[in-house]
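No hydrogens, no waters, no symmetry mates; every other heavy atom, side chains included, goes into these values.
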Amino acid sequence: MTAFTLNGQSVEARPGETIWQVADRLGVTLPHLCYRDEPGYGQAKGGRGGNCRACLVEIEGERTLAASCIRTPTAGMVVTTESARAEKSRALVLELLGADQPETAERSRVHHWMADAGIDRSRFPARRHAAPAPDASHPAMRVNLSACISCGLCARACRDVQVNDVIGFAGRGMETTIVFDTARPMGDSSCVGCGECVQACPTDALLPASRVAEPAAAQTVDTACPYCGVGCQVRLTVADNRIVEVEGRNGPANENRLCVKGRFGMDYVHHPQRLTVPLIRKDGAPKTCDMDPANPWTHFREATWEEALERAAGGFRRIRDNHGGGALAGFGSAKGSNEEAYLFQKLVRTAFRTNNVDHCTRLCHASSVAALMEMVGSGATTAPVRECANAEVIVVIGANPTVNHPVGATHIKNAVQNGARLVVMDPRGQALSRHATWMLQFNPGTDVALLNSLLHVVIAEGLYDRTFVAERLEGFEVLKQHVSAFSPEVMAPITGIAPDVVREVARAFATARGAMVFWGMGLSQHAHGTDNARCLIDLTLICGHVGKPGSGLHPLRGQNNVQGASDAGLIPMVYPDYRSVEDAAVRGFYEDLWDTPLDPHKGLTVVEIMHAASDGRIKGLYVMGENPAMSDPDLVHTRASLAALDHMVVQDIFLTETAMLADVVLPASAFPEKTGTFTNTDRLVQMGRAALTPPGEARQDLAIIQEMGRRLGLTWDYAGPAEVFEEMRACMPSIAGISWARLEREGAVTYPCAAEDEPGKAILFDDVFPLPGGKARLKTADVLPPAELPDADYPLVLTTGRVLEHWHTGAMTRRATALEALEGEPHCLLAPAALARLGIAEGGPVRLTTRRGSIRLAGRPDPQVPEGIVFVPFCYTEAAANLLTNPALDPTAKIPEFKFAAVRVEADQAAEVSPAALPS
């Protein structure tokens, strides 16, 4: 602590605090424009600011006034904020800045501070040079540089916080102005639309397009983001039951940051295609996905809730009573709350009387969870994303965080700025490649070969953590013997990575004080996905990079609540908290808690349910918020299986491709319309709060599930999500210490948390692993080829994934105005040379064909894609990538091989590829 005098009072500054921060903490108001007291600003190259001079204070013994936002106090310093000199100087600064502020800049903090200082208007003329014309080229943001005061906050937000390096300065003196790239219009620049600059701007020079005009009677609601698993906290501004602006909050996962989806993709809730009344399929109407979601009346008719619920529940009762519970199944949602996931799996197990319940984790990280469960005893991440700040080495493999987890990627980029070394391993290049010390662009499908070669080097050179191996691991000698045959030299022809590079990376990783490992579906979505994860876990364990700061295993979760939905039991082989359905003692516990006999056998997984529906073993399916008619592999088979069901009920907010095949469609609530808890990729349980009321007759998901349960014979009477959450605490030791009241008060708590006076454990396994004997288990894996290899007819490799602007199957983001405007065209990415050989101009029509189907879309060149690979986003219903993908399953996790299929690429000389089919 540093003692000094502030306005005649003796005060103390905490380590690193500036005069402004001390004054603010003690209730002394000082104007500030170029300064943000938030994580990331001023922590890297850009400094803290201090260039607007609006926060000037007087320091005894110094000739000039000091900018309090960048000045740290020293012992005995005497500071005055209220002197005539300081107040007059601050007022003059504000007047000079205010001379250039348009009256239309309603939210400019210059106007605010001028009014606070008693200044009606500036006495000074505006700058004589002409301000740049307003720029409306970006669908989500507006640029009005006539309000710019050159404070630099936008540049620091872009460079230091989000690390995108798009915004800079051009010109000199009075001609100084911000520019995007090389003075391009914002919409034509490399801007990724994160909007950090908009949130940082103290004037209206940068602002969201949705809020050019200030709405009347607006209110704010603190909640979370509905998209990826990072779990960003947000503040919604709402007027007339509509979201008009989204800002980031200082949550543990995002520290005020957002991405383009979280900031500008919320208006999907207002799309005219929202379901507002229950629908029942007309008698004789064909079951097909080939229909207009805006005009379902050729296939469906409106119904009352009473008729729809009775039709829905009655169909399930009939099948259960005539064919047994095993003929029924349910798909829960990773987009819904923990309480909805828990109640849904409970309904399937107690009312359907089966364990045939699953959700999208089967299609993303099932192999990761399977490997983690068998090797370390827990399927969740062992350390949060933000621990990369304490890591010396960071590994990203089979993941593209800047696209799929953009805010998580900022933490990785910040760590690299501060000295961490980054290893990116991926057959495809990506935005993180330019930040990487090592970019290992290995041949697709050779993950096991590459990871085994790294293991070989670590063990052969004695670089492993001998103490950790001896005291905390089992199976090391078997692993050592196994990987002895996988030297980098032997594996190089398979992986395509030079042996010296493998050795360099292995040495850096093994000798690091701490290392974080992040992986995604590029590792998990393979027929050998569990083996991929096993090798990665082996490598991390033998180097001792678990259970300490700056270290950990982190499978990046794809949906906002896929972690929580898995924890809550939306998995066919386990109850909540991953307790086996085949364990008699565990089953007995739940039979007592739920007061009903339970099925003692494992249920079927997502793809297995599709096969069972195809051959008539599954006759009824309840789908809440999932879209298997877009997300499952080999969609021709999947859609035929869904159409073959005797009875399908879909509960959703839009008429998705799956809902088009339903017998009953129930209109549900969108994320901003519900209150509940959600668990992010860091195991952080967070509170989501309703900001809107559902449109028309749409109902809360929790209420629909409960009513369905009552009509199937359950005596449920939950008062709301808080009561469901309390029941979850009673059967989930991991969250026993997280009460609803605590979440209301604190907003977020990490599990495991055993007691309410505990903070929750962010870093796991610092002492023992939750396995018999307390030791982790090393596993071996052999090099196996993908389930389908290229040949003369299908010579290239197809891989699928996401694009920055869209999420999952596109049901939400393709109905978000700005996101669809930014990236609305179905397309594939190929190496420029490959596209040229086909004689296709950029954006020209291409046909992709595999053994399962064919699609038409635009071909785009991408130098990050190696020759021999075609990348297809899977969000476009007009060119559904999963019409092509291979349904071959990993034998352990039952996850499909989305990331590798043999494909043929041809120029398509038919009519041009049509634009997005979804109307605005």
Side chain to side chain contact (heavy atoms under 4.5 Å, CB included) between V846 and C828, worked out: CA-CA 8 Å; V846 169; C828 64; 4.3 Å; yes

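Between the side chain of D292 and the backbone N or O of A294 there is at least one donor-acceptor pair closer than 3.5 Å. Formation of a donor-acceptor pair under 3.5 Å by the D908 side chain with backbone atoms of P845 is not found in this model. With R710 contributing its side chain and I705 its backbone, the two residues share no donor-acceptor pair below 3.5 Å. Looking only at distances, no side-chain donor or acceptor of R142 sits under 3.5 Å from a matching main-chain atom of A209. Put simply, the side chain of E823 never gets that close to the backbone of L804: no donor and acceptor are under 3.5 Å apart. Without hydrogens or angle criteria, D663 side chain to M648 main chain gives a donor-acceptor distance under 3.5 Å.
If you take NZ on K261 and NE2 on H806, they are separated by 9.5 Å, rounding to the nearest 0.5 Å.
Shown here is D290, whose CG atom has no more than 12 heavy atoms of other residues, nucleotides or ligands within 6.0 Å.
You'll find the ring centres of F316 and F352 inside the 6.0 Å limit. Between F671 and F678, the ring centre distance stays below 6.0 Å.
Listed here is the closest heavy atom pair of Q700 and E673: NE2-O, 2.6 Å. Counting all heavy atoms, side chain and backbone alike, G824 lies closest to R814 at O-NH2, 3.4 Å.
Looking at T638, D652, N627 one by one, the single match for side chain to side chain donor-acceptor pair (under 3.5 Å) with T658 turns out to be N627. None of K287, R281, M660 except one satisfies the side chain to side chain contact (heavy atoms under 4.5 Å, CB included) rule with H299; the exception is R281.
Using a 30° and 60° split on the angle between ring planes, F874 and H808 fall in the perpendicular class, above 60°.
Side-chain contact between T220 and E247: absent, with no pair of heavy atoms (C-beta onward) separated by less than 4.5 Å.
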